[in-house]
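All remarks here apply to the structure that follows.
Any value given below was found using the heavy atoms of this structure, including those in side chains, with hydrogens, waters and symmetry copies removed. In the text below, chain A, chain B and the rest are named by the order of the sequence lines, each starting its count at 1.
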Amino acid sequence: MQKEPEQHKNNPADQPQLSLNDQMLRRLEERQHLLDAGINPYPSQFAVTRFSSQVFEAFQDEVKEPVSVAGRIMTIRKMGKASFFHIQDSKGRIQIYLKKDEVGEATYNTFKLLDIGDIVGVKGYSFKTKTGEISVHAETLELLTKSLRPIPVAKEKEVDGEKVVFDAFSDKELRYRQRYVDLIVNPEVKGTFIKRSAIVSFMRNSFASRGWLEVETPILQPIYGGAAARPFTTHHNALDMQLYLRIANELYLKRLIVGGFDGVFEFAKDFRNEGIDRFHNPEFTQVELYVAYKDYNWMMQMVEELISETAQKVNQSEVTSFLGNEISLKPPFRRLSIIDAIAEYTGRDIRGKSEDELRYTAKDLGLELDPKISSGKIIDEIFGEFVEPKLIQPTFIIDYPTEMSPLAKEHPSQPGIVERFELIVGGKEVCNSFSELNDPVIQRERLESQAKLRQRGDEEAMIVDEDFLRAIEYGMPPCAGIGIGIDRLVMLLTGQDSIRDVIFFPHLKPE
RNA sequence: GAGAAUAUAGCUCAGUCGGUAGAGCAUCUGCCUUUUAAGCAGAGGGUCGAAGGUUCGAGUCCUUCUAUUCUCACCA
């Protein structure tokens, strides 16, 4: 028997219909005219010899360098029997000069049918116009792709050396929904994503060059773990079983450390079924790294150097602007225990305090707490409310309560405290790291107490993963692990204030 | 989850006290062979986010809904 498909909000049959406006109808007609005239509006290839930027770089006065360029028409200025237009390729824009006398009547007439948004190939030679703009004098012009939808036209003008954009394509919803248009029309958007790619490449190369292995671990997991978050669930039909999209890959990477690798890392898409705002997207990227025989102190030094080097590499500077603050990424970053941080920013010494005393302190500070939460969470609440937002310059907050960190190793000299740090920049967490707990007996106790929290209704508490426990029962060497939020790191290094501006296709509700 | 704001032409935006829908750019027609927010003359283009309601009459007032943005809450 066929099951009736469940009706969801995003039933694909409910997609908006193609609606034709006058401009689209006209472009469709032009496409047909071109076909009727024997001109293929979608040829297969074009021999490009130069990017726009290369034409500028190679330009010499009095030298007519032959070039072949291609790109999307962004502006057109027709002046009867001669025309100027700009095309945009992956490197920028270049002006083309087209003269009827030289390209012939047929080509010039074809040109007159072209629209802003069409993609063309031009062969010709470089020259400089009367007004001094390096341009391409066209000898041939070929339509490479007919565009059927009008792109938003933003006009630019230079005023006192500064570029002023008129009527910019600025509707955020449209920009996110139609990122392809955003990328065409707002060139700085491309810059952010090029930088994102450079950041990831640099980090990947940096890890690989130290001999660590880039690996891939399951996204579909029968038991999720490694973080405290609610998961997305899905279903495998053939196995008829529930699966979860990973919230972290920590437990799998540690299995690989058990297996004998000294260092493993994965740039991982993780999925958390939680709220969406400018710091949270339901799917986000995190690089997790585990290195055997190291501890969290080593990791702190590694990551501050890494972030500083990455900044130098992509920005040529250790200073960046983030959420309205100028931030220096010059190491070493300040190190402050969570207890000391709370003392510094609230004036309360919570060292060695009982749960009731902590609850009193929190209440005294004006915090309203869920009566179910215990010491570790209370400390976390106080920290999150009164300290974290004030940590603008990079700060390692270290030595967290054990209760908040079920996968971290206990501090040898401080009971109730684990060897853990978070890196806070601009008031936001960028990294989370600890010396990994490798005593299988204690790890089991910790996970079982998580399971109890879960039974009490904490949906984010972890699940006992027997296979993970089995793995570390074979023996996992001492090990330091870290998760670095790539989206937030990119925000930090590109000065973007919203995660949506560093993710090509941020999650939006269906149109 | 709560609050606020926004939604009008392809894009960016006006639209007053409720009285027949406006501009710039884009598009179309004509002129223009070094322009660059090209220019000049003319034209077309709208289910005013959706559904109800009030009214002789609603882009405008009311209700509900939808989406987005911002703030707050949540987010190891």
Distance check needed: [N] [atom2] versus [X] [atom1], whole Å only.
X      : N     : atom1 : atom2 : answer
A:M74  : B:U35 : CE    : C1'   : 18 Å
A:E274 : B:C74 : CD    : C1'   : 8 Å
A:E133 : B:A37 : CD    : C1'   : 13 Å
A:E388 : B:C74 : CD    : C1'   : 14 Å
A:L113 : B:U29 : CG    : C1'   : 14 Å

From C-beta outward on [X], which listed nucleotide comes closest to its side chain: [options]?
X      : options             : value
A:E30  : B:A76, B:A37, B:C28 : B:C28
A:K155 : B:A26, B:C11, B:U35 : B:A26
A:S170 : B:A76, B:U12, B:U27 : B:U12

Between [M] and [N] - [atom1] atom distance, rounded Å:
N     : M     : atom1 : result
B:A9  : B:C48 : C1'   : 10 Å
B:U16 : B:C32 : P     : 44 Å
B:G19 : B:U60 : C1'   : 11 Å
B:C13 : B:G18 : C1'   : 23 Å
B:C70 : B:U27 : C1'   : 35 Å
B:A76 : B:A4  : C1'   : 31 Å
B:A23 : B:U66 : P     : 35 Å
B:A7  : B:A51 : C1'   : 16 Å

Sub-4.0 Å heavy-atom contacts from residues 426-439 of chain A onto RNA chain B, ordered by number: A:E429, A:N432
Sequence-distant partners of A:A408, side chain to side chain contact (heavy atoms under 4.5 Å, CB included), two or more places apart: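 For A:A408, the residues satisfying side chain to side chain contact (heavy atoms under 4.5 Å, CB included) (neighbours in sequence not counted) are A:S405, A:V418, A:F434.
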If the glycosidic angle sits within 90 degrees of zero it is syn, else anti. Tell me which applies to B:C17. syn
Take A:K452 and A:E448, measure what salt bridge (Lys or Arg N to Asp or Glu O under 4.0 Å) needs, and give me the verdict at the end. CA-CA 6 Å; A:K452 280 186 195 133; A:E448 281 172 354; over 6 Å; no
Using a cut-off of strictly less than 4.0 Å, decide whether A:R77 has a side-chain nitrogen or oxygen near OP1 or OP2 of B:U35. no
Can you see if the side chain of A:R26 gets near the phosphate of B:U27 - specifically, an N or O under 4.0 Å from OP1 or OP2?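 The answer is no; no side-chain N or O of A:R26 sits under 4.0 Å from OP1 or OP2.
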Can a donor-acceptor pair under 3.5 Å be found between the side-chain atoms of [X] and the base atoms of [N]?
X      : N     : answer
A:D167 : B:C13 : no
A:T129 : B:U35 : yes
A:Q95  : B:U35 : yes

Give me each pair satisfying salt bridge (charged side-chain N to carboxylate O under 4.0 Å, His left out) with a member in residues 274-285 of chain A, each pair once, sequence neighbours excluded.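 Qualifying pairs: A:K269-A:E283.
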Show me the pairs that pass salt bridge (charged side-chain N to carboxylate O under 4.0 Å, His left out) and involve residues 419-431 of chain A, at least two apart or across chains.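 Counting only pairs at least two positions apart or across chains, the salt bridge (charged side-chain N to carboxylate O under 4.0 Å, His left out) contacts touching residues 419-431 of chain A are A:R420-A:E422.
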State whether a side-chain donor-acceptor pair under 3.5 Å links [X] with [Y].
X      : Y      : value
A:Q178 : A:D182 : no
A:Q32  : A:R27  : no
A:T217 : A:E266 : yes
A:Y400 : A:S337 : no

Identify the pairs formed between an N or O of the protein and an N or O of nucleotides 31-33 of chain B at a distance under 3.5 Å, and give each distance.
unit_1: B:C32; atom_1: N3; unit_2: A:G80; atom_2: N; d: 3.1
unit_1: B:C32; atom_1: N4; unit_2: A:G80; atom_2: N; d: 3.3
unit_1: B:U33; atom_1: OP2; unit_2: A:K81; atom_2: N; d: 3.2
unit_1: B:U33; atom_1: N3; unit_2: A:D101; atom_2: OD2; d: 2.9
unit_1: B:U33; atom_1: O4; unit_2: A:D101; atom_2: OD1; d: 2.3
unit_1: B:U33; atom_1: O4; unit_2: A:D101; atom_2: OD2; d: 2.8

Secondary structure of RNA chain B per the Watson-Crick/G-U criterion (both distances under 3.5 Å; [ ] crossing, | other strand, . unpaired) is (((((((..((((.....[..)))).(((((.......))))).....(((((..]....))))))))))))....
Any cation-pi pair here, A:K155 with A:F166, using under 6.0 Å and within 45°?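 Output no; distance or angle outside limits.
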On the ring face of A:Y125, is A:K64 found with NZ or CZ under 6.0 Å from the centre and within 45° of the axis?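 Yes, A:K64 and A:Y125 form such a contact.
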Can you name the ring-ring contact (aromatic ring centres under 6.0 Å, His included) partners of [X], sequence neighbours left out?
X      : answer
A:F271 : none
A:F386 : none
A:F56  : none

Quick one: are A:Y176 and A:D501 in side-chain contact, heavy atoms under 4.5 Å?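 A side-chain contact under 4.5 Å exists here.
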What does nucleotides 42-47 of chain B look like as a protein-contact string, B for base, S for sugar-phosphate only, - for none, at under 4.0 angstrom between heavy atoms? --BS--
Just the table, please: protein N/O against nucleotides 68-70 of chain B N/O, every pair under 3.5 Å.
unit_1: B:U68; atom_1: OP1; unit_2: A:K509; atom_2: N; d: 2.8
unit_1: B:U68; atom_1: O4'; unit_2: A:E173; atom_2: OE1; d: 3.1
unit_1: B:U69; atom_1: OP1; unit_2: A:R500; atom_2: NE; d: 3.3
unit_1: B:C70; atom_1: OP2; unit_2: A:R500; atom_2: NH1; d: 3.1

Output a table of nitrogen or oxygen pairs between the protein and nucleotides 2-8 of chain B separated by less than 3.5 Å.
none

Are A:F504 and A:F193 close enough that their ring centres sit under 6.0 Å apart? yes
Which residue, A:F85, A:F111, A:F84, forms the ring-ring contact (aromatic ring centres under 6.0 Å, His included) with A:Y97?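 Exactly one pass, corresponding to A:F84.
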